[in-house]
There are 2 protein chains.
Amino acid sequence: MPKREGTTIAGRRDPKTRVKPTLDEIAERANTSRSTVSRAFSRPDLLNPKTVAQILAIAEEIGYRPNNMARALSTGRTGNIGLLVPDIANPFFPPLIKAIQSQADALGLCLFLGSSGESGARENTLFERLAGQTDGIILASTRLSEAQVRTHAARHPITLINRDMVGLPRVLIDTQAAVMEAVGFLAENGHRHIAYLSGPKESWSNQQRMEAATEACRRTEIRLSIIPLSEPSFEGGETAAEQAVAAGVTAILAFDDLTAQGAHARLSALGVAIPRDISLIGCDDALPAMTYPALSTLSGLSQEAGRHALKLLCDAIEHRDGSQDMKVVLGARFILRDTAGPAPSEPRADPIPVNDRNR
Amino acid sequence: MPKREGTTIAGRRDPKTRVKPTLDEIAERANTSRSTVSRAFSRPDLLNPKTVAQILAIAEEIGYRPNNMARALSTGRTGNIGLLVPDIANPFFPPLIKAIQSQADALGLCLFLGSSGESGARENTLFERLAGQTDGIILASTRLSEAQVRTHAARHPITLINRDMVGLPRVLIDTQAAVMEAVGFLAENGHRHIAYLSGPKESWSNQQRMEAATEACRRTEIRLSIIPLSEPSFEGGETAAEQAVAAGVTAILAFDDLTAQGAHARLSALGVAIPRDISLIGCDDALPAMTYPALSTLSGLSQEAGRHALKLLCDAIEHRDGSQDMKVVLGARFILRDTAGPAPSEPRADPIPVNDRNR
DNA sequence: AAGCTATTTGCAACCGATTGCATAAGTCAA
DNA sequence: TTGACTTATGCAATCGGTTGCAAATAGCTT
């Protein structure tokens, strides 16, 4: 039995000595029962309007706030949702989190946020902790295996962002077409050897991009060097950029904007001019025009993704029966800004090409 | 009575038809009572080790997860904490959120995140919603009035970040000395008229910075133009930068890094070279080296702030009695990078000064 | 005034845990 | 064998709500 303020009388605690007002206190003051007070909030249509008014007035007066946890225990609905991301500090996520938070807010839902630090194990732990106190969870760019995700999905409503699994509600930002556009642009501008800075293996987005880049390079007969990032961070981008330079590429396609910025910084430090010597293209448009020169990238759509994800999650929570296969695909585009241009050997405005374009 | 899976028998629901395992199910299988099972988790020292082992084995076998909300209802402890920020997307906050999340995680606490969109009203609503299901709440850069904060603090443990209120636990990032350093640097480099892009009125940080800038300019006899930002965002910075140019300043001190980046973008678009024509200094070091050229700024310390804040909050939750006046102050420093330099009329490496430095 | 339906309310059993108190079992000395 | 202590366990109340069902009251009809 919890030790708290208030003395005990027959039945429940004496309302007068209680600190936080409860239904019972209102009931006593209104000279009615707990059930009636409860209904004044949840089903006022069942009650005499005068009764409702009186109860609401008293509630207001003593500053009553319904206890969410007690309600959840009784109804099985918590009014909370969870969001798990690999890394809050990665600029791709804040806009997404913001979109979800703000929409959840509008729906009267509270948001739990977890950052797994790119670790599947931590993501699992967080999921377990949150599963008990949420109605559903959104996994953004999950690093979990398909089996793990399915296990969780069997016990708790889930929506995925940037992970394609049949049977689960999911929102996908499709960057394949955009990657092809980007490679196409590079091909047309004389690039013959480019690098792709590859992100986490577990990342669906990374797989998609790598696949698209490979295919596009095959078609345009461009040589592609795939350089794995030690981690999808600014520092990872710095290191990888150096390897790209060593490989002798004229353009770099980075896993995301953060690594692209890391690459940018390192290249600049090495005296490599962008885009004169090397063209640089990011992904996600997470640092919109926040960089100078403005980074060429693939449009992000993280906010739209967040909105759709919450919508799908709510649907999934509603009719838990329906194992309907909901899938929303958002198409990204290539955004040409100032960090990508012609290959160095092919001067921009020079009427006389120095090199043979088809060598 | 909630309608759920499972048939009802005398007393509680029939454990066999239940979906989520509860204490009762374990109790039945272990042929013991609910209390014993409960103690096997919370006070195993009170039990026969063999009993504990058996119970844990069964729990493991059937995949038992304690119901957090039931526990919270009974103990009054939720194991959750809340964090309210004005804008998740402002790059100052993600590192702070990340630090808090990761430490909360280590303590086994779950984190609710709310973004108020710079609105005090929404912040209030969020607070109300979270108060019922958290043990305490951290308010980062709150936009609430002192009275509002005190009202909340009277009912719920609170810790403040970047808001100085006597009697409440708070973590302050003191940028005044850093602002003075920055202004000092500008003075020494020949700047005679600078602008401060001023953030939200409710922001303590903004008040601090404005105050320090005013004082430093008075001492160094620099003219200071205070330009209020329409909002503390990239766009706000763009607009304000234009006004700063119109005012004819040679240096800009921005409320934070985000607005500084906005200013940077607009200045570049206007053909103003940085730092040749105008020096630019941000605040918070939120975009560390993520910009090019690297932004001069005041060190952020948001992660340290987050860590301290969670620590203070936990203390406040422990001994709720103690209205001890805890205050942690972190001192920021001026970080000179590439966007600040000599005033334009005073050439950097020119051995023959064109203007009189002491004019 | 009796009969019947429609509205309002209250009773009491839940939700899934925790925990004060009492009882049962085990240990040991006399 | 028995009383005095420990040590382990169980009983049952409690946290603060929700809700199925039944009882009470009100409103109409004839």
Side-chain angles (χ1 to χ4, degrees), chain A residues 1-15 18-28 30-52 54-55 59 64-79 132-133, chain B residues 1-15 18-28 30-52 54-55 59 64-79 132-133:
Chain A
M1 217 173 311
K3 227 178 288 169
R4 291 204 225 154
E5 309 83 345
T7 50
T8 302
I9 56 168
R12 302 196 156 223
R13 199 132 47 54
D14 179 2
R18 197 172 286 141
V19 182
K20 288 220 168 186
T22 67
L23 284 187
D24 284 306
E25 174 153 7
I26 301 184
E28 174 161 306
N31 210 17
T32 174
S33 73
R34 199 164 54 238
S35 358
T36 300
V37 178
S38 171
R39 279 190 270 258
F41 293 100
S42 47
R43 299 291 315 272
D45 52 302
L46 290 179
L47 262 43
N48 184 328
K50 276 171 60 182
T51 314
V52 175
Q54 187 202 9
I55 291 177
Y64 168 75
R65 305 265 177 261
N67 181 323
N68 225 313
M69 321 208 81
R71 175 178 304 187
L73 187 55
S74 186
T75 61
R77 275 302 197 83
T78 64
Q133 35 193 346
Chain B
M1 217 174 309
K3 228 178 289 170
R4 291 203 226 157
E5 308 83 345
T7 49
T8 303
I9 58 169
R12 304 205 151 218
R13 197 130 49 54
D14 177 3
R18 196 173 288 142
V19 183
K20 289 222 168 185
T22 68
L23 284 187
D24 283 305
E25 174 153 8
I26 302 183
E28 174 162 306
N31 210 17
T32 174
S33 73
R34 197 160 60 236
S35 353
T36 301
V37 179
S38 171
R39 280 189 269 257
F41 294 102
S42 48
R43 298 290 316 270
D45 53 300
L46 290 179
L47 264 42
N48 184 327
K50 275 171 59 181
T51 314
V52 174
Q54 185 200 11
I55 290 177
Y64 168 77
R65 306 266 175 260
N67 181 323
N68 224 314
M69 321 208 81
R71 182 187 312 227
L73 187 55
S74 187
T75 61
R77 275 301 197 85
T78 64
Q133 35 194 344

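In what follows, chains carry the letters A, B, and so on, assigned in the order in which the sequence lines appear, proteins first and then strands, with residues in each chain numbered from 1.
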Legend entry - Euclidean distance, B:Ile26 CD1 relative to B:Thr32 OG1, rounded to 0.5 Å: 11.0 Å
Inset, instruction - Could you pick out which residue, B:Arg43 or B:Met69, lies toward the 5' side of DNA chain C when each is mapped onto its nearest nucleotide? - result: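 By nearest-heavy-atom nucleotide position, the 5'-most residue is B:Met69.
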Inset, instruction - Scan B:Tyr64 against the nucleic acid and name what it touches under 4.0 Å (heavy atoms): base, sugar-phosphate only, or nothing. - result: sugar-phosphate
Inset, instruction - Give one of base, sugar-phosphate or nothing for A:Arg77, where a contact means two heavy atoms less than 4.0 Å apart. - result: nothing
Legend entry - C:dT18 phosphate, OP1 or OP2, under 4.0 Å from B:Ser38 side-chain N/O: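 For B:Ser38, the contact criterion (side-chain N or O under 4.0 Å from OP1 or OP2 of C:dT18) is met.
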[X] [atom1] - [N] [atom2] separation (whole Å):
X	N	atom1	atom2	answer
B:Leu73	C:dC14	CG	C1'	13 Å
A:Asn67	D:dT14	CG	P	18 Å
A:Arg71	D:dC15	CZ	P	18 Å
B:Leu23	D:dC11	CG	C1'	15 Å
B:Ile26	C:dA17	CD1	C1'	12 Å
B:Ile55	C:dT18	CD1	C1'	15 Å
A:Asp24	C:dA12	CG	P	15 Å
B:Gln133	D:dG16	CD	P	15 Å

Inset, instruction - Side-chain contact test, heavy atoms from C-beta onward, threshold under 4.5 Å: evaluate it for B:Leu23 versus B:Asn67 and give yes or no. - result: no
Legend entry - Sub-4.5 Å side-chain heavy-atom contact between A:Pro66 and A:Arg71: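 Yes, side chains in contact.
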Legend entry - Qualifying residues under side chain to side chain donor-acceptor pair (under 3.5 Å), relative to B:Asp45, sequence neighbours excluded: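 Expected list: B:Arg43.
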Inset, instruction - Mark up nucleotides 4-9 of chain C, 5' to 3', with B wherever a protein heavy atom is under 4.0 angstrom from a base atom, S wherever such an atom reaches only the sugar-phosphate, and - elsewhere. - result: ----SB
Partners of [X] by side-chain contact (heavy atoms from CB on, under 4.5 Å), sequence neighbours excluded?
X	answer
A:Ala27	A:Val37
B:Thr51	B:Thr36, B:Asn48, B:Ile55
A:Ser42	A:Ser38
B:Arg65	A:Glu128

Tabulated below should be each protein N or O lying under 3.5 Å from an N or O of nucleotides 24-27 of chain D; please produce it.
none

Inset, instruction - Locate the shortest heavy-atom distance separating B:Ala59 from B:Phe41; write the atom from each residue and the value. - result: CB-CZ, 3.8 Å
Inset, instruction - Counting heavy atoms from C-beta on, name the nucleotide in C:dA13, D:dG16, C:dC11 closest to the side chain of A:Arg34. - result: C:dA13
Inset, instruction - Please state whether the base of C:dG16 and the side chain of B:Thr22 form at least one donor-acceptor pair under 3.5 Å? - result: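 No such pair is found, so the answer is no.
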